[in-house]
Trainee: 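Here it is: the structure, laid out below.
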There are 2 protein chains.
Amino acid sequence: MAKIGDVARRAGVSTATVSRALSNPDSVRPETRKLVLDAVRELGYTPNAAARNLRAGRSRMLLTVVPLLSNSFFARIVSGIDQEASRRGYGTIISEESPDSVEKQAHLLDLAAAGLFDGVLLLSALMPRVGRRSLADMGMPLVRVCSRREPGAGAVLLEEREATLIQTRHLLGLGHRRFMYISGGAGNINDIPRYEGFCEAIAEAGLQPDQQIRVEGFFDFASGTAAAHRFLELRAEGRAPTAIVAVGDQMAIACMKGIQEAGLRIPEDVSIVGFDGIDFTNYCQPTLTTIVQPAEDMGAAAAGLLIDMLQGERDPGEIVFPATLRVAGSTGPAPAG
Amino acid sequence: MAKIGDVARRAGVSTATVSRALSNPDSVRPETRKLVLDAVRELGYTPNAAARNLRAGRSRMLLTVVPLLSNSFFARIVSGIDQEASRRGYGTIISEESPDSVEKQAHLLDLAAAGLFDGVLLLSALMPRVGRRSLADMGMPLVRVCSRREPGAGAVLLEEREATLIQTRHLLGLGHRRFMYISGGAGNINDIPRYEGFCEAIAEAGLQPDQQIRVEGFFDFASGTAAAHRFLELRAEGRAPTAIVAVGDQMAIACMKGIQEAGLRIPEDVSIVGFDGIDFTNYCQPTLTTIVQPAEDMGAAAAGLLIDMLQGERDPGEIVFPATLRVAGSTGPAPAG
DNA sequence: TCGATTGATGTAATCGATTACATAAATGGT
DNA sequence: ACCATTTATGTAATCGATTACATCAATCGA
């Protein structure tokens with residue numbers, strides 16, 4: 001592997017000149033620059049990253065911490081991050097969250113302390129932490145994506161409150177009055193604005209939010225199945241809701257399935273809306289009415305913001321994306337009676 | 001950020017001793033070791049990665065190149081890779097394939113030349129390449145995952161041929177005789193063994209493989225929808241197959257939907273099997289009979305193999321995983337007539 | 001008790017690129 | 001024509017950890 005000295009020798013200049021010709025081309029004479037660039041090309045020279053990082057005190061790497069990669073909503077955000085980071089000359093290190101594995105979190109903190117990355121994109125609500133040390137209080141520049149606001153950190157968010165508001169209004173407009181709300185878990189910070197939006201819409205319609213049924217979920221299929229069971233119990237008691245608001249598509253899809261398996265029809269017997277807009281919402285039966293989050297764009301925006309922050313061109317700010325409702329087959333008029 | 005010199009001063013020893021106490025504890029006296037470790041703890045010292053990498057000529061990083069992250073089959077492999085790599089003290093850099101973006105491929109080659117990672121996991125059939133330079137002929141250690149064999153590279157594979165063989169046998173056993181096969185595209189290397197397995201089963205039953213219908217797909221939803229259209233055309237001509245073999249779950253699910261929308265029932269009118277075993281196969285309507293690939297395990301095995309190769313403990317070998325058929329709701333007896 | 005061997009630690013070179021500072025050449029003003 | 005300034009390039013220090021080699025003390029055998 002060619003080193004800067006080899007290039008210098010070949011071009012008949014010093015290593016300093018080679019370095020300058022590459023990183024600050026205007027500072028060398030055009031003829032010299034050509035000599036250097038030719039030598040670089042002939043030798044296939046690429047500066048060694050470790051040496052450069054050591055000297056520069058940065059790595060041009062970003063860490064992305066994601067709760068669950070197999071959730072395609074997160075996967076799409078990561079995809080957007082990768083796109084934008086790579087466009088701007090940064091690499092992306094990825095790590096799946098593991099709240100239970102202290103080892104893995106410690107490994108992350110070590111990588112941070114070792115200077116392996118310059119900043120962090122946190123798709124997770126949880127902050128990697130071991131004892132009292134965490135990424136944030138190591139002074140690591142941070143952007144939160146779809147997770148929460150945090151002083152000193154950037155944030156990329158959806159209009160969460162608006163989202164459930166329009167979602168619920170859509171159902172109210174179809175005549176629904178009795179709802180089941182499947183949350184993302186009280187631990188998840190998005191839960192608050194989303195539930196607020198739901199409650200606001202309910203109140204607008206002159207109904208009591210606290211008389212609606214709320215079920216706790218964790219964004220996974222199992223939560224959806226559990227919610228379906230709850231729904232069926234309620235139905236047996238004669239007090240089933242006619243509409244279900246799930247704040248995650250996977251939960252919505254699993255719930256839909258659980259209900260269909262009991263012989264009920266969607267949307268004739270019960271309507272359901274999801275949240276995220278993953279691809280499968282277009283391929284389940286019926287297609288799922290859902291809030292579409294522009295996941296790739298949000299990822300790209302987050303990476304862009306973080307890189308701006310690293311380059312000192314932007315203060316940790318907040319980027320808010322609008323929520324859109326995609327109406328599909330899973331919602332229909334409330335059944336009579 | 002504390003440096004090795006700070007630790008040395010605090011412990012009253014030389015930097016060499018600090019380094020030894022950390023990387024080769026047996027080479028220092030127990031009392032000295034304690035002095036050093038105490039100082040390390042008190043100062044919160046972590047060795048700087050760039051300096052260490054520069055000296056050692058390696059980075060303890062792996063690159064994973066993935067075709068499409070939002071495909072949850074790939075996402076699960078990545079998850080397994082991350083798990084195992086992190087367990088063994090390696091980090092994972094991720095990059096989504098972009099056959100059209102020369103820029104991005106060049107970026108990858110630069111990162112490789114810069115020594116940013118020690119080895120590559122390639123989930124993609126395509127090799128990142130710019131002109132005649134590619135990752136492989138830079139001498140980068142390589143493990144292919146579910147993509148193809150390659151001289152000098154490790155490989156983690158499913159018994160592809162077996163998979164379609166048992167899949168097709170299952171359908172034959174249900175009485176099906178007319179098939180549609182949705183491929184993963186002639187460009188994809190898995191296509192060959194998978195199609196072979198299909199043909200072998202067909203031949204076993206005394207049928208002509210080349211009289212079955214073959215449709216080209218690309219593992220995405222759109223391919224499945226297109227295949228459904230083709231199926232409906234064939235049906236209009238009175239020569240519809242009774243069973244569909246799709247070598248990807250997303251294609252199978254989209255195809256299923258296209259067929260259902262035309263008013264046909266699955267599996268009563270037509271049976272369909274998928275390939276991969278993604279979560280959604282359990283949540284579509286009906287649930288999808290499919291080949292289950294142990295994606296996480298395959299990812300972990302691949303990372304393990306690559307790290308063994310890097311540490312000189314193993315030659316690039318081949319790890320083959322068995323295929324299992326998960327029978328679900330999308331397959332049933334062939335319709336009479 | 002003396003030289004040889006072993007063990008523990010320190011000194012300093014090294015990895016490869018960047019950049020402050022030094023130097024030399026070229027340009028400009030008067 | 002001379003000094004001041006600018007421009008281009010070279011020399012060498014630097015980033016922080018690792019490790020070959022040097023050094024010194026302790027142990028051992030005869």
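Labels below follow one simple rule: chain letters A, B, ... track the order of the sequence lines, proteins then strands, and each chain is numbered from 1.
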Trainee: With sequence neighbours left out, what residues match E103(A) under salt bridge (charged side-chain N to carboxylate O under 4.0 Å, His left out)?
Mentor: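 Once residues adjacent in sequence are excluded, E103(A) has no partner under the salt bridge (charged side-chain N to carboxylate O under 4.0 Å, His left out) criterion.
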Trainee: Using side chain to side chain contact (heavy atoms under 4.5 Å, CB included) as the criterion, point out the one residue from T64(A), L108(A), V120(A) that pairs with S95(A).
Mentor: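 Among T64(A), L108(A), V120(A), the one meeting side chain to side chain contact (heavy atoms under 4.5 Å, CB included) with S95(A) is L108(A).
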Trainee: Please list residues of residues 3-20 of chain B whose heavy atoms come under 4.0 Å from any atom in DNA chain C, ordered by number; otherwise none.
Mentor: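 Of all residues in residues 3-20 of chain B, the ones placing a heavy atom under 4.0 Å from DNA chain C are G12(B), V13(B), S14(B), T15(B), A16(B), T17(B), R20(B).
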Trainee: Walk me through it: do T46(B) and L111(A) pass the test side-chain contact (heavy atoms from CB on, under 4.5 Å)?
Mentor: CA-CA 9 Å; T46(B) 307; L111(A) 295 186; over 6 Å; no
Trainee: What do the steps show when you test D38(B) against R41(B) for salt bridge (Lys or Arg N to Asp or Glu O under 4.0 Å), and what is the final call?
Mentor: CA-CA 5 Å; D38(B) 286 349; R41(B) 192 165 338 101; 3.4 Å; yes
Trainee: Decide if atom CZ of F218(B) counts as having more than 12 heavy atoms of other residues, nucleotides or ligands within a radius under 6.0 Å.
Mentor: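 For F218(B), atom CZ is not crowded (no more than 12 foreign heavy atoms under 6.0 Å).
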Trainee: Testing the basics here: between V65(B) and L122(B), what is the closest heavy-atom pair and its distance to 0.1 Å?
Mentor: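 Nearest heavy atoms, V65(B) then L122(B): CB-CD1, 3.5 Å.
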Trainee: Tell me which residues in residues 23-40 of chain A put a heavy atom below 4.0 Å from DNA chain C, sorted by number, or none.
Mentor: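 By residue number: none to list.
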Trainee: First contact, last contact: which nucleotides of DNA chain D are these for chain A, 5' to 3', heavy-atom distance under 4.0 Å?
Mentor: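 Reading along DNA chain D, I get dA8(D) to dG16(D).
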Trainee: Test side-chain contact (heavy atoms from CB on, under 4.5 Å) on L62(B) and I307(B); report intermediate values, then the result.
Mentor: CA-CA 9 Å; L62(B) 308 179; I307(B) 294 171; 4.1 Å; yes
Trainee: Sequence neighbours excluded, which residues qualify as salt bridge (charged side-chain N to carboxylate O under 4.0 Å, His left out) partners of D191(A)?
Mentor: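 D191(A) satisfies salt bridge (charged side-chain N to carboxylate O under 4.0 Å, His left out) with R214(A) only.
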Trainee: Do you know which two heavy atoms are closest between P294(A) and L158(A), and how far apart they sit?
Mentor: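 Closest pair (atom of P294(A), atom of L158(A), distance): CD-CD1, 4.1 Å.
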Trainee: Looking at every non-hydrogen atom in both residues, tell me the closest pair between V28(A) and R33(A) and how far apart they are.
Mentor: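 Closest pair (atom of V28(A), atom of R33(A), distance): O-NH2, 3.4 Å.
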Trainee: Taking atom CZ of R149(A) as the centre, report whether more than 12 heavy atoms of other residues, nucleotides or ligands fall under 6.0 Å from it.
Mentor: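 12 or below, so no.
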Trainee: Describe, as an angle rounded to 10 degrees, how the axis at the first end of the helix from dT1(C)-dA30(D) to dT30(C)-dA1(D) is tilted relative to the axis at the last end, five pairs per end.
Mentor: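 One end's axis against the other's: 40°.
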Trainee: Do I319(B) and L305(B) pass the side-chain contact (heavy atoms from CB on, under 4.5 Å) test, and can you show the C-alpha distance, the side-chain angles, and the key distance before you say yes or no?
Mentor: CA-CA 9 Å; I319(B) 304 176; L305(B) 172 58; 4.2 Å; yes
Trainee: Contact class for R52(A) (heavy atom, under 4.0 Å): base, sugar-phosphate, or nothing?
Mentor: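 Since only primed, P, OP1 and OP2 atoms lie under 4.0 Å of R52(A), the category is sugar-phosphate.
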